[in-house]
2 protein chains.
Amino acid sequence: MQTGTTKTSNEQPRRARRRVTIADVANHLGVTKSTVSRALNGYTDISDSTRLRISRAAERLGYRPLSHAQAIRTGRVRSLGLVLQVDNEDSARPFLADFIAGVTQAASAENWTVTIATSETERGVQETLSRLVDEHKADGFILPRTRSRDKRVEALRAQNIPFIMFGRTEDPTGCSWYDIKGEDAMRAATARLASQGHKRIAHVPGGSEYTYSKLRIGGYRDGLAAAGLSIDPALITAPAITHDGGEAATRSLLMMAEPPTAITFAVDRAALGAYRVAQDLGLHIGSDFSVIAYDGIPEGAYANPALTTFAVNSRQAGDRLASLLIKRIRGAAPEELRELAPATLVERGSDGPPRLTPAELAQCLKDIQKREVQWEEPT
Amino acid sequence: MQTGTTKTSNEQPRRARRRVTIADVANHLGVTKSTVSRALNGYTDISDSTRLRISRAAERLGYRPLSHAQAIRTGRVRSLGLVLQVDNEDSARPFLADFIAGVTQAASAENWTVTIATSETERGVQETLSRLVDEHKADGFILPRTRSRDKRVEALRAQNIPFIMFGRTEDPTGCSWYDIKGEDAMRAATARLASQGHKRIAHVPGGSEYTYSKLRIGGYRDGLAAAGLSIDPALITAPAITHDGGEAATRSLLMMAEPPTAITFAVDRAALGAYRVAQDLGLHIGSDFSVIAYDGIPEGAYANPALTTFAVNSRQAGDRLASLLIKRIRGAAPEELRELAPATLVERGSDGPPRLTPAELAQCLKDIQKREVQWEEPT
DNA sequence: CTTCTTGCCGAAACCGGTTTCGGAAACTTT
DNA sequence: AAAGTTTCCGAAACCGGTTTCGGCAAGAAG
């Protein structure tokens, strides 16, 4: 006998049992869906007693509303968008895990989720972002590494979509942000070096398209001024954000007639390039010349001597960004959502009182160069 | 005159213009929603001519279906779930950026998104995972760092929710995976050391709760056997996955009566602990004793001498995992979705022919210890 | 005892899609 | 020419929620 609709009861449960829906809860209690919905969403026109009955029943039946089912009416998917640019090499690398941990943690705390995407190019980021916007995959976006003029900002602002920046822009209209006071850090770095006795202090800035770069240069200048040192434009090199870039910048500085005895770097990674130069020339970082940088990447701790740097708390940054963005999505005015936090100095071995004056250092470097030429001659 | 419903046309566009919906497309063409939907989703009962008209109109009007609106009927949100455990310190750190890049890239290629979450504890991961499942935030999940017996696997399997593992488990029933052949790498590492002339080769395994640990130990054993070397259980230490752990393991090995002249590490990070021991005792890695590890973390390149290791391509792993998971969600049988890839040897300076025999090394270490005692005595 | 509030909840529309069902028109077959 | 097939699309139900609207009953005011 075949019964088409009857299933033998002990078949393997291939389809997971049906979800419990709001209708299930309603039927179970003999009320309507609308009552359940309003009870669970805190409407005031539901009596406390029914609200209690309903929330208890919902709990007991294991009812969890589908956020995407809610979204279709409310327009909120309860998700934060994060589009990262992951370059060919390193860049954001070490920060990322902490940053993401911070973001997701804050999101989870509010029962939100994080939708993440990546691209290798700036254009790709743009496109991915607009895809996520078009499909409404997130209610708002976190924009890391903001540029002075940022296309993402312009696009989102034009469409009135909530966003928050990790960094600042030229035009703050309608913008919210969380940022680290890199300017303060650079001012402090310069001041510290000056107090150690350095008279010529250089600065290797970061990518000129980013706001932070200008801010940190400003901090460097302020630090010099505060210490009563003159500002020599030649002591500010071309931007450098990689090992190679930092190496080149360092070489160019040391080749000056009156080289600096200390260098501030806007970015740790560039500072690590200076180590190569030092090793190459047989100079000791921390005495022959000093280095202070910014970021707090792990490699800095392993360098020899370990890199003195201003560390940023990426985890906290992610956390704050997510929290602020959620507030923004819930309706807070963008102007009220602006936070700045300090970087924290990690004192290590790459800075100290200068062993030589700039002139002596120049002489020393000349000697080294001569020796190297001698080595090469016999060949 | 006040007209309640009329807006002066040049008000600022505070609400973004209304989305174009499927109904808009339908009305525009004088057809019904259902026709548009079927045309766009490749149903065969729509004539080619109308399909073309519709897809063109949709394109021109800029229609993008809301995935969460689709989801309510189809049950698919077109999103992959990724719950990471980010420990107090490092662990997954360096891999992460590449891994995420791989996952999101493959997802984007199919117009899917990635929903990411983190937790610090194993329990937290479990809870977060089940929350995402309950709210159906993703159609399937990628499970990194699978354990031999993995609760996440059990939970998902029981609920019949698609998932794919980065790693393998004891019980493969209903499981899909992508994994790196760590066993092959360890076999090759051991063989390499044996061919360099090492007679006593040790192994420092990874966390015993992970499958990879057992596999790599197996590879190490196979390598010894293939080289005709006997297996000394004393040469397999307690698990170590951190600097400290690796340091302790190395010390314990070198304190043996007949110490190994080469050590294979299941994990780079533990291998870096051996460098501390070497520095401490004044031994040269690569000649006094050799080290080969596994993972390919960036720090290994900076170590001195640079660490010889078997590197895994995290980006590719993420990419493959996402692709396989999407296939799984689309209905492929789990047994058909199992891939293994090789790790690639990065030959650097931490291994080489042994300068000393085990006996000589033991004597050498005894001398060092004596000297240290002498230093201490006078105090 | 009426009338006016207020509190509380049900009925039904709605959000933006998908899917089932059925029927008109065109096309074959006999 | 009648009957049987196909092809193609409209009508309507549906998915799982939210929100508007209105009405009944209880309490307050007159």
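Below, chain A is the first sequence line, B the second, and so on; all start at residue 1. No experiment lies behind these values; they were computed from the predicted model shown.
Closest to the side chain of A/Lys33, out of D/dT18, C/dG10, C/dG16, is D/dT18. Listed nucleotides C/dG16, D/dA11, C/dC9 differ in distance to B/Thr32; the shortest reach to its side chain belongs to D/dA11. With D/dT19, C/dT18, C/dG17 as the candidates, the nucleotide lying closest to the side chain of B/Ala69 is C/dG17. Of the candidate nucleotides C/dG17, D/dG17, D/dC9, D/dG17 has the atom lying nearest to any side-chain atom of A/Arg73.
The CG atom of B/Asp24 sits 9.5 Å away from atom OH of B/Tyr63, with the distance rounded to the nearest 0.5 Å. Atom OG1 in A/Thr128 sits 10.5 Å away from atom CD in B/Gln105 (nearest 0.5 Å).
Heavy-atom neighbours of B/Arg56 CZ from other residues, nucleotides or ligands within 6.0 Å: at or below the threshold of 12.
Between A/Leu40 atom CG and C/dC9 atom C1' there is a gap of 15 Å when expressed in whole angstrom units. Taking atom CG of residue B/Asn41 and atom C1' of nucleotide D/dC9, one finds them 16 Å apart after rounding to whole Å. Residue A/Asp24 contributes atom CG, which lies 11 Å from atom P of D/dC15 at whole-angstrom precision. B/Ile22 places its CD1 atom 11 Å from the P atom of C/dG16, with the value rounded to the nearest Å. Computed from coordinates, the A/Arg78 CZ to D/dG17 P distance equals 12 Å when rounded to whole Å. Atom P of nucleotide D/dT7 and atom OH of B/Tyr43 are separated by 18 Å, given to the nearest angstrom. Remark: P of D/dG17 and NE2 of B/His136 are 13 Å apart, rounded to the nearest angstrom. Look at CZ on A/Arg51: it is 10 Å from P on C/dC8, rounded to the nearest Å.
Remark: the A/Arg76 side chain and the D/dT18 base include no donor-acceptor N/O pair separated by less than 3.5 Å. Counting distance only, with no hydrogens placed and no angle test, the side-chain atoms of B/Asp45 and the base atoms of D/dC9 include a donor-acceptor pair under 3.5 Å.
Between B/Thr50 and D/dC9 there is a side-chain polar atom (N or O) within less than 4.0 angstrom of OP1 or OP2. Between A/Tyr63 and D/dG17 there is a side-chain polar atom (N or O) within less than 4.0 angstrom of OP1 or OP2. For B/Ser47, a side-chain nitrogen or oxygen approaches OP1 or OP2 of D/dC9 to under 4.0 Å.
In the model, B/Thr115 has a side-chain atom that pairs as donor or acceptor with a side-chain atom of B/Ser79 under 3.5 Å. A/Thr35 and A/Thr32 share a donor-acceptor pair across their side chains, judged by distance under 3.5 Å alone.
Residue contacts shown for A/Ser37 include a base, since a base heavy atom lies under 4.0 Å away. Residue B/Ser34 is in base contact, counting any heavy-atom pair closer than 4.0 Å across all strands shown.
The residue among B/Ile72 and B/Arg38 whose nearest nucleotide of DNA chain C lies closer to the 5′ end is B/Ile72.
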